[in-house]
Number of protein chains: 2
Amino acid sequence: MAFTYDYARPALTVDCVVFGFDGGGLQVLLIRRALEPFAGSWAFPGGFVEMDEDLDVAARRELEEETGLRDVFLEQLYTFGAPARDPRGRVVSVAYYALVRPDQHPAAGGSDASEAGWHAVDELPGLAFDHAEVLRVALERLRGKIRYQPVGFELLPKRFTLGQLQGLYEAILGRGIDKRNFRRKVAAFDFLVPLEEFVRGRHRPARLYRFDRRKYRALEKRGFLFEL
Amino acid sequence: MAFTYDYARPALTVDCVVFGFDGGGLQVLLIRRALEPFAGSWAFPGGFVEMDEDLDVAARRELEEETGLRDVFLEQLYTFGAPARDPRGRVVSVAYYALVRPDQHPAAGGSDASEAGWHAVDELPGLAFDHAEVLRVALERLRGKIRYQPVGFELLPKRFTLGQLQGLYEAILGRGIDKRNFRRKVAAFDFLVPLEEFVRGRHRPARLYRFDRRKYRALEKRGFLFEL
DNA sequence: AATACTTAGTGTGTTTTCCACACTAAGCAA
DNA sequence: TTGCTTAGTGTGGAAAACACACTAAGTATT
């Protein structure tokens, strides 16, 4: 079976930049490509868009097929369409970025791809296609977004300590933050609710918090602007 | 001649939301469609992407063909790909938004389209396709962007008064701004250079300013963050 | 049992920024 | 000359941002 059109059409794909946070630094999920082109090298999970599926549906489908991830935060990033970005011919890719919590992190690769794994964003292997550029754009977007939208919580466990939250912001923004000022600021947010649970390590137990999305949305509707 | 592929491919288009500012309110440039579908109704300028052209090149080409506009600020907005957004079949559209100065405003329609014209954003006619949604996203982006990036100057003449600048911000953000606070803030930006020229109306002459992009870029590199 | 270690958690004074607010200046028109 | 219109300016009070150092409460080690 074949498909014929009066005019040439680019192929259309989706790609997902999946960010994770392990307490230390920011990470991305890469697939080792099984097929040509770029067989054996690392790339973001992605694939061709089906004819009857919406773009974000395609992105979620490919993400699940190649990494097993589902029900994650996913948002369109940018569309890359340089004529020579894929050696197979004209392929336009709608890139998405996803944020996943540590407890959702997949252990190993899914079905389509031979191998999937986390890599620290600041020491990545060479990437296939124009994926280095895609990553650059995704990082820029994440850094811009995290300051003005409460997306950081998508990278932390449902219940987290203020230390973890601060560590996340420091890792993404790439600079230290004063602990007292940081805590004062977040304490003023009443969508950040303190729980009666604590985590114990070899130190004083730390209180757990959770992000209350409903409270946040209510505030947002009243004109509240998140900023951290 | 025809083109045949092993798998079905969506058609790919670009659309441009062109913003202008006339001193009163924000406006967008619409084309009255000559052809089906939606012949006779209003839409954003746009068209099919050629096989060998980059996406932003396609956007600029269509913009010039349909409105005569060239050398304008243009940035990718979002890609719309709902399966049923075009009655002709699966058409994915990469939307761009453009900002044009009043002195660049085209007088009338170009070649492709029967008619082009400016419309106030808050009293638009019904739009073809999903263009109402596209506009919503574009407005949201513009409102978000103008506060943190110096894009407003792309909507004003090269030389402008502080009154015009304030009027622009008030129009886009939809609220009044205190004149003295506004002027104090912009006076602190040294990439906003006062000229020795004044415009005269039936009132005290107003000093003209210009935006010095080089100075701005230099500051930006040193970590300066624009905010207004 | 005592000590050392680690991270959690808290308060204050200073500096900076934000904001509300009202009048004079300069030209044009009648 | 008067009136109209928009341009342009300064100050004091409130709020937010910031720099900064110690105590708290557990665990691990001896």
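Every heavy atom of this structure was used, including side-chain atoms; hydrogens, water molecules and symmetry mates were not. Every chain is numbered from 1, with letters handed out A, B, ... down the list of sequences.
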Could you check how far [atom1] of [X] sits from [atom2] of [N], rounded to whole Å?
X: A/Gln164; N: C/dA8; atom1: CD; atom2: C1'; value: 13 Å
X: B/Gln166; N: D/dG8; atom1: CD; atom2: C1'; value: 12 Å
X: A/Tyr209; N: C/dA8; atom1: OH; atom2: P; value: 11 Å
X: B/Leu165; N: D/dT6; atom1: CG; atom2: P; value: 18 Å
X: B/Leu192; N: D/dG8; atom1: CG; atom2: P; value: 12 Å
X: A/Phe182; N: D/dA19; atom1: CZ; atom2: P; value: 16 Å
X: A/Phe198; N: C/dT6; atom1: CZ; atom2: P; value: 23 Å
X: B/Leu228; N: C/dT17; atom1: CG; atom2: P; value: 15 Å

Shortest non-hydrogen separation from A/Asp130 to A/Phe80 and the atoms involved: OD2-CB, 3.7 Å
Nearest heavy-atom neighbours spanning A/Ile177 and A/Glu170: N-OE2, 2.9 Å
Plane angle bin for B/Phe153 and B/Phe211 - parallel if under 30°, tilted between 30 and 60°, otherwise perpendicular: parallel
Ring geometry between A/Phe226 and A/Phe191 (parallel below 30°, tilted from 30 to 60°, perpendicular above 60°): tilted
Check ion pair A/Arg101-A/Glu154 (N to O, under 4.0 angstrom): yes
Charged N-O contact under 4.0 Å between A/Glu133 and A/Arg85: no
Short side-chain to backbone donor-acceptor contact, A/Arg183 and A/Leu162, under 3.5 Å: no
Distance (rounded to the nearest 0.5 Å) between B/Phe189 CZ and B/Asp212 CG: 14.0 Å
Sugar-phosphate only, base, or nothing, as touched by A/Arg183 at under 4.0 Å among non-hydrogen atoms: base
Where protein sits on nucleotides 18-30 of chain C, one letter per nucleotide: B base, S sugar-phosphate only, - none, heavy atoms under 4.0 Å: -BBBB--BBBS--
Worked check of salt bridge (charged side-chain N to carboxylate O under 4.0 Å, His left out) between B/Arg207 and B/Glu197: CA-CA 6 Å; B/Arg207 182 182 290 272; B/Glu197 293 170 89; over 6 Å; no
Relative orientation of the end axes in the helix from C/dA1-D/dT30 to C/dA30-D/dT1, expressed as an angle to the nearest 10° (five pairs per end): 0°
